[in-house]
Peer 1: 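The structure follows.
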Protein chains: 2
Amino acid sequence: METRAPRQRVGRAERERQILDAAVAVFSERGYQNASMDAVAKQVGVTKPVLYSHFGSKEGLLLACITQTRTQLLEVTSVAAAAADGPEDMLRRGTKAFFDFLDVQRPAWALLCSESAISAATCSALEEIRRQQTDFIAGMLAVQVPDADPHRLIGWANVIVGACERLAVWRGRDPRLTGEQATEYLMDLVWTGLAPRRP
Amino acid sequence: METRAPRQRVGRAERERQILDAAVAVFSERGYQNASMDAVAKQVGVTKPVLYSHFGSKEGLLLACITQTRTQLLEVTSVAAAAADGPEDMLRRGTKAFFDFLDVQRPAWALLCSESAISAATCSALEEIRRQQTDFIAGMLAVQVPDADPHRLIGWANVIVGACERLAVWRGRDPRLTGEQATEYLMDLVWTGLAPRRP
DNA sequence: AACGGTAAGTTACCACGGGTAAGTTCCCTG
DNA sequence: CAGGGAACTTACCCGTGGTAACTTACCGTT
C-alpha cells in the first residue's frame, strides 16, 4: 500500500504565495471560468484539497488575487502622487502611475478587467478597488477646490476613475497609445474642466 | 408508455422572445453563474434542450441578451441626441437618455454591469457596446471640434463613456443621485474642459 | 532516542449542472 | 389519410467544484 510521498512540504505562508502566483497566471491565461482548480494545483505541484484548505473555494482564491492587486494599486498610485510638486502634477503622476502599473502587472490586470465579474462577491471586490481610488482622488480634488460640494467631488472622482478604466482598456487594444498620451487625453478634459473652479 | 404531452407548441420566433425575456429575468435575479439552464427553461415552461436548440449554449443565450440590450441602448441614445437643438444640448440629452434607459431596463443593466464578464466572448460583446457608444460620441465631438486630431477625439469619447459607466454604478448604490445630477457632474468636467477647443 | 501530536498532503469519492442523443407528439401538406 | 418535419421530452454522459477519511513528515517533550 505504498502512497507516493508529498513532493515537498512547505510552510503555510509560502504556500499561500505560491498558490496566489499560480492562480493569477492560470486564471489570466485560460480565463477564470475555463481554468480548473486542478490546473492551478498542478502548477503549484500539489493536489486540489491543498488549495481549498488555504482559500476555501475557487471564488475565495479569485478574491484573494483581486485583493492583492488592489493593495498594490493603491500603494503605487499614492507613492507616485506623493512625489508631485503641485496639484496638476499630482493628478498627472497618479494617472501615469496607474497606466504603468498595468504594464508591470499585466496578467493581474487582465484578470481584473476581463474575467472576474463572476458573482456578487467578486463584483463587490472590484467595486471596492474603484471606491478606494475614487476616495483617494476625491481627497486630492478637495485640496484643490476647497469650497466645492463634497458630493460633487465624489462625482468628479467617479468621472476620472471611469475615464481611466476605459482609456486603459482602449490602450490594451491599441498598444501604440502610450501611457503618456492616455494621461494627456484625460488631462485635456478633466484638468481644463476644473480650471474655472480653482481659486 | 405514456409520455406527458408538450404543454404548448409555439412558433420559433415567439419562443425565442419568451426565452430571452425569461433569461434576462432569471440571470439578473440569481446572477448568471448561479442561474441554471433548467431554471430558465422552467420559467418558460419548457425543458432544457429547447433552449439549446435556439441558442446553442448557456453563453450563447447570455450573448443574445447582451446584444438585444446593446441595440436598444444605441436606439435610445441616438434618438435623444437627434432631438437636441445644439451641441451642448446634444451631449446633455444623450447622457440623460442613457441614465433613463438604466431605470427602465434595470434587470438588463444589472445583468450587463454585474454578471456577464464571464468569458472572452462575453467580454467582447460588452466591449462592443462601449465601442458603439464611443464611436457615436466621437462623431458628435468631431462636429464640435472639427480641427482636432481624430485619435484624440476617440480618447475623449472613451473618457466620457467610462465616466458615464462609473456614474451609473455610483447612482445604483446611492439612489438619491438623480440622472440630472449625474449628467451635471459629467458636464462640469467634460463640457467645460472642451470649451477652449471649440472654435 | 523513542514518541506522540499536529500540520501538510494525498486518494477516492459525491453531486450538480451544462450539454446531447434518441425517441415522441403534433401539425401541415399533398 | 399517409408521411415528413418541426417542436419537445426523457434519459443520459461527463467535467469540475468541493469534501471526507486516511497518511506522512516534522518537532518539541520526557
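Letters A, B, ... mirror the listed sequences (proteins, then strands); counts begin at 1. Below, all heavy atoms of this structure are taken into account, side chains as well, without hydrogens, waters or symmetry copies.
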Peer 1: Side-chain N or O of Arg15(A) less than 4.0 angstrom from OP1 or OP2 on dG9(C)?
Peer 2: yes
Peer 1: Could you identify which residues of residues 48-58 of chain A place a heavy atom less than 4.0 Å from some atom of DNA chain D, listed by residue number, or say none?
Peer 2: Lys48(A), Pro49(A), Tyr52(A), Ser57(A), Lys58(A)
Peer 1: Assess whether one donor atom and one acceptor atom, taken from the side chain of Arg9(A) and the base of dA7(C), lie less than 3.5 Å apart.
Peer 2: yes
Peer 1: Can we say Asp38(B) and Lys42(B) salt-bridge, meaning some charged N sits less than 4.0 Å from an Asp/Glu carboxylate O?
Peer 2: no
Peer 1: Check the angle between the aromatic planes of Phe98(A) and Trp109(A) and answer parallel, tilted or perpendicular using the 30° and 60° thresholds.
Peer 2: perpendicular
Peer 1: Considering all heavy atoms of both residues, which atom of Lys48(B) and which atom of Ala41(B) are nearest to each other, and what is their separation?
Peer 2: N-CB, 3.8 Å
Peer 1: Rounded to whole angstroms, how far apart are CD on Gln18(A) and C1' on dG9(C)?
Peer 2: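 Checked: the CD to C1' distance equals 14 Å.
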Peer 1: Grab the CZ-C1' distance between Arg12(B) and dC27(C) for me, whole Å please.
Peer 2: 17 Å
Peer 1: Would you jot down, in residue-number order, the residues of residues 36-43 of chain A having a non-hydrogen atom under 4.0 Å from DNA chain D?
Peer 2: Ser36(A), Met37(A)
Peer 1: State plainly whether the residues Arg197(B) and Asp188(A) are in salt-bridge range, i.e. N to O under 4.0 Å.
Peer 2: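 Yes, Arg197(B) and Asp188(A) are salt-bridged.
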Peer 1: When the ring planes of Phe27(A) and Tyr32(A) are compared, do they come out parallel, tilted or perpendicular, using 30° and 60° as the limits?
Peer 2: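 Perpendicular, since the angle between the ring planes exceeds 60°.
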Peer 1: Can a salt bridge be assigned to the pair Glu127(B) and Arg130(B) using a cut-off of 4.0 Å between side-chain N and carboxylate O?
Peer 2: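 A salt bridge is present here (some side-chain N lies under 4.0 Å from a carboxylate O).
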Peer 1: I'd like to know if Arg171(B) pairs up with Asp103(B) as an ion pair, taking the criterion as any Lys NZ or Arg NE/NH1/NH2 lying under 4.0 Å from an Asp or Glu carboxylate oxygen.
Peer 2: yes
Peer 1: Is the distance from the ring center of His151(A) to that of Trp156(A) below 6.0 Å?
Peer 2: no
Peer 1: Starting at atom CD of Gln33(A), determine the distance to atom P of dG18(C), rounded to an integer number of angstrom.
Peer 2: 11 Å
Peer 1: Kindly say if Thr47(A) contacts the phosphate of dG9(C), meaning a side-chain N or O under 4.0 Å from OP1 or OP2.
Peer 2: no
Peer 1: Calculate the interatomic distance between Glu16(A) atom CD and dA8(C) atom C1'; express it in whole Å.
Peer 2: 13 Å
